[in-house]
Amino acid sequence: AEPALVEHFEATLARHDRIEPRDWMPEAYRATLVRQIAQHAHSEIIGMQPEGNWLTRAPSLRRKAILLAKVQDEAGHGLYLYSACETLGTSRRELTEKLLTGRQKYSSIFNYPTLSYADVGTIGWLVDGAAICNQVPLCRTSYGPYGRAMIRICKEESFHQRQGYELLLTMMRGTDEQRAMVQESVDRFWWPALMMFGPPDADSPNTGQSMAWGIKRNTNDELRQKFVDMSVPQAEALGVTLPDPDLRWNEERQAHDFGQPDWDEFRAVVRGDGPCNAQRIEHRRRAHDDGAWVRAAATAFAARQAGEESR
Ligand code: FAQ
């Protein structure tokens, strides 16, 4: 690349300013962004499934309307992110193809099943909570279209988190059986939620370069710590126990000490061997095949419009 272009790229990063689609960028910077943004987009789309599982069995019309709106928001987030990714020169068709053939990932968390309605609340509280912790700093990411997509997504995620917490609070004010359902759900989701932040910094191959490029603004362990510190008082207010015997306040560090998730389980889930990996991809493939006629119709319509315009 021309030295002036490289200099412009470096100077933009140094100013903490945004790189835009038409700016020159190193190919590795582009590839890292495509990897991360695509993974993020796929997570939003696959992430519709665990909660979608309860849409037809919501306990009231009100809960059903809330859940339907949340799942629809997730589709929207996926679409903003696919659009941001397209500004880097990839198509949505290509990204979908890579997801379906296992060449791109999505978040490990969505490979766990939702076994009770309390899981809808726990996903809102812990999974959206972890997502917010990770995504608020990404509003300042160095790539313009990604950062701007994050701003809107974070507003909606905060709302999702409140809705999950409110659901759990309602259940905790209910019967002993409902309280036990909440605790059981939190016991299952706590460790997978901690895994959402990625491997420990010492085993994270991408963090160093991604921080240097301003794609990531914090390390995986920094954000995991922040999430734990944020969740402890919320768990207390709710009246649930977090399933970690090593969890305690460290006065010296002014932060909580906590145990490590089972990193072997994490690697297995990321590799494709989690409890629901095959089911999630199979469902996504079926939805993609069922939608083929919509894509064909839209393409034919666009071609006809273009023909009419040129006439
Ligand atoms: N699951 O070197 P690092 C949501 C992979 S929130 C699967 O540390 P990096 C909202 C990683 O890709 C969830 N794979 O990687 C919602 C890499 O593999 P690769 C989505 C993981 O990128 C809520 C390898 O391990 N949020 O959807 C995971 O620097 C409720 C080594 O890792 C985002 O994607 C994992 N948990 O840091 C929706 C946020 N962790 O690609 C519905 C944006 C790591 O080299 C309902 N992404 N890997 O083959 C990020 O911030 C980063 O990509 C990290 C990973 C922090 C996830």
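We count ligands from 1, going down the list as the structure has it; atoms in each ligand are counted the same way.
- For ligand 1, the atoms closer than 4.0 angstrom to any heavy atom of Phe197 are 56 (C).
- Aromatic rings from Phe227 and Trp190 are positioned such that their centres are separated by under 6.0 Å.
- Checked for salt-bridge contact, Glu74 and Lys70 meet the test: a charged N lies under 4.0 Å from a carboxylate O.
- With a 4.0 Å cut-off on non-hydrogen atoms, Met195 touches ligand 1 through its backbone and not its side chain.
- If you look at Lys105 next to ligand 1, the close heavy atoms, those under 4.0 Å, all belong to the side chain.
- Among protein heavy atoms, atom 16 (C) of ligand 1 sits closest to Phe110 CZ, 3.7 Å.
- Looking from atom 45 (O) of ligand 1 to the surrounding protein, the closest heavy atom is Asn206 ND2, 3.3 Å.
- The parts of Ser108 lying near ligand 1 are both backbone and side chain, judged by heavy-atom distances below 4.0 Å.
- In this structure the side chain of Thr32 never reaches within 4.5 angstrom of the side chain of Asn206, judged on heavy atoms.
- Phe159 and Leu68 are members of different hydrophobic clusters when ILVMFWY side chains are connected at heavy-atom separations under 4.5 Å.
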Next on the checklist: Applying side chain to side chain donor-acceptor pair (under 3.5 Å) to Arg152 and Tyr80, what does each step give before you reach the verdict?
Outcome noted: CA-CA 9 Å; Arg152 179 159 173 189; Tyr80 314 152; 2.8 Å; yes
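- In terms of modelled atom types and a separation under 3.5 Å, the side chain of Tyr165 and the main chain of Gln234 share a donor-acceptor contact.
- Across the listed options Tyr146, Phe266, Tyr106, Tyr146 owns the non-hydrogen atom lying nearest to atom 43 (C) of ligand 1.
- Environment of CD in Glu177: sparse, with no more than 12 heavy atoms of neighbouring residues, nucleotides or ligands closer than 6.0 Å.
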Item to check | Test side chain to side chain donor-acceptor pair (under 3.5 Å) applied to Asp187 and Gln183, step by step | outcome: CA-CA 6 Å; Asp187 288 346; Gln183 182 62 58; 2.8 Å; yes
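- Residues Glu222 and Lys216 are not paired through a salt bridge, judged by the lack of any N-O separation under 4.0 Å between the basic side chain and the carboxylate.
- Under the 4.0 angstrom criterion, atom 54 (C) of ligand 1 counts as lacking any protein heavy-atom contact.
- With a 4.0 Å cut-off on non-hydrogen atoms, Leu223 does not touch ligand 1 at all.
- By the 4.0 Å heavy-atom criterion, Met48 is excluded from the residues contacting ligand 1.
- Listed for the Arg295 side chain is a donor-acceptor partner under 3.5 Å among the backbone atoms of His288.
- Heavy-atom proximity to Val270, at under 4.0 Å, picks out these atoms of ligand 1: 7 (C), 14 (N).
- Atoms of ligand 1 found under 4.0 Å from any heavy atom of Asp128 (numbered from 1 in listed order, with element): 23 (C), 30 (C).
- Atoms of ligand 1 found under 4.0 Å from any heavy atom of Val127 (numbered from 1 in listed order, with element): 23 (C), 30 (C).
- Set against the non-hydrogen atoms of Gln39, the atoms of ligand 1 under 4.0 Å away are 12 (O), 41 (O).
- Residues Arg188 and Asp119 are paired through a salt bridge, judged by an N-O separation under 4.0 Å between the basic side chain and the carboxylate.
- Each of the following atoms of ligand 1 lies closer than 4.0 Å to a heavy atom of Gln135: 6 (S), 26 (N).
- Between Arg286 and Asp289 no salt bridge is recorded (no basic side-chain N to carboxylate O distance below 4.0 Å).
- Shown in contact with Met196 at under 4.0 Å from a heavy atom are these atoms of ligand 1, numbered in order with element: 6 (S), 36 (N), 57 (C).
- Within the 4.0 Å heavy-atom shell around ligand 1 one finds Pro205.
- Taking atom 46 (C) of ligand 1 as the reference point, the nearest protein heavy-atom neighbour is Glu74 OE2, 3.1 Å.
- Following chains of ILVMFWY side-chain contacts shorter than 4.5 Å, one can reach Trp125 starting from Leu169, so the two form part of one hydrophobic cluster.
- Remark: the Gln225 side chain and the Asp229 side chain contain an N/O donor-acceptor pair separated by less than 3.5 Å.
- For atom 22 (O) of ligand 1, the closest non-hydrogen atom of the protein is Arg35 NH1, 3.0 Å.
- Of the protein's non-hydrogen atoms, Gly198 CA, 3.2 Å is the one closest to atom 40 (N) of ligand 1.
- Between the choices Met211, Gln161, Glu44, the shortest heavy-atom distance to atom 38 (C) of ligand 1 belongs to Glu44.
- At distances below 3.5 Å, at least one donor-acceptor pair connects side-chain atoms of Asp201 with backbone N or O atoms of Asn220.
- In this structure a side-chain-to-backbone donor-acceptor pair under 3.5 Å is present from Gln163 to His160.
- In terms of polar-atom proximity, Lys70 is not counted as a contact of ligand 1, lacking any N or O under 3.5 Å from an N or O of the ligand.
- Contacts with ligand 1 closer than 4.0 Å are made by side-chain heavy atoms of Glu51 only, the backbone lying farther away.
- For the pair His160 and ligand 1, no heavy-atom separation below 4.0 Å is found.
- Considering backbone and side-chain atoms together, Ser204 places an N or O closer than 3.5 Å to an N or O of ligand 1.
- Here Asn134 has side-chain heavy atoms under 4.0 Å from ligand 1, and that is the only part of it that gets that close.
- Of the protein's heavy atoms, Ser107 CB, 3.7 Å lies nearest to atom 13 (C) of ligand 1.
- The nearest heavy-atom contact from the protein to atom 9 (P) of ligand 1 is Lys216 NZ, 3.5 Å.
- Taking each of Pro192, Pro199, Ala131 in turn, the one with a heavy atom nearest to atom 32 (O) of ligand 1 proves to be Pro199.
- Here is the list of ligand 1 atoms found below 4.0 Å of a heavy atom in Glu157: 10 (C).
- Between Asp176 and Arg179, at least one side-chain nitrogen of the basic residue sits less than 4.0 Å from a carboxylate oxygen of the acidic one, meeting the salt-bridge criterion.
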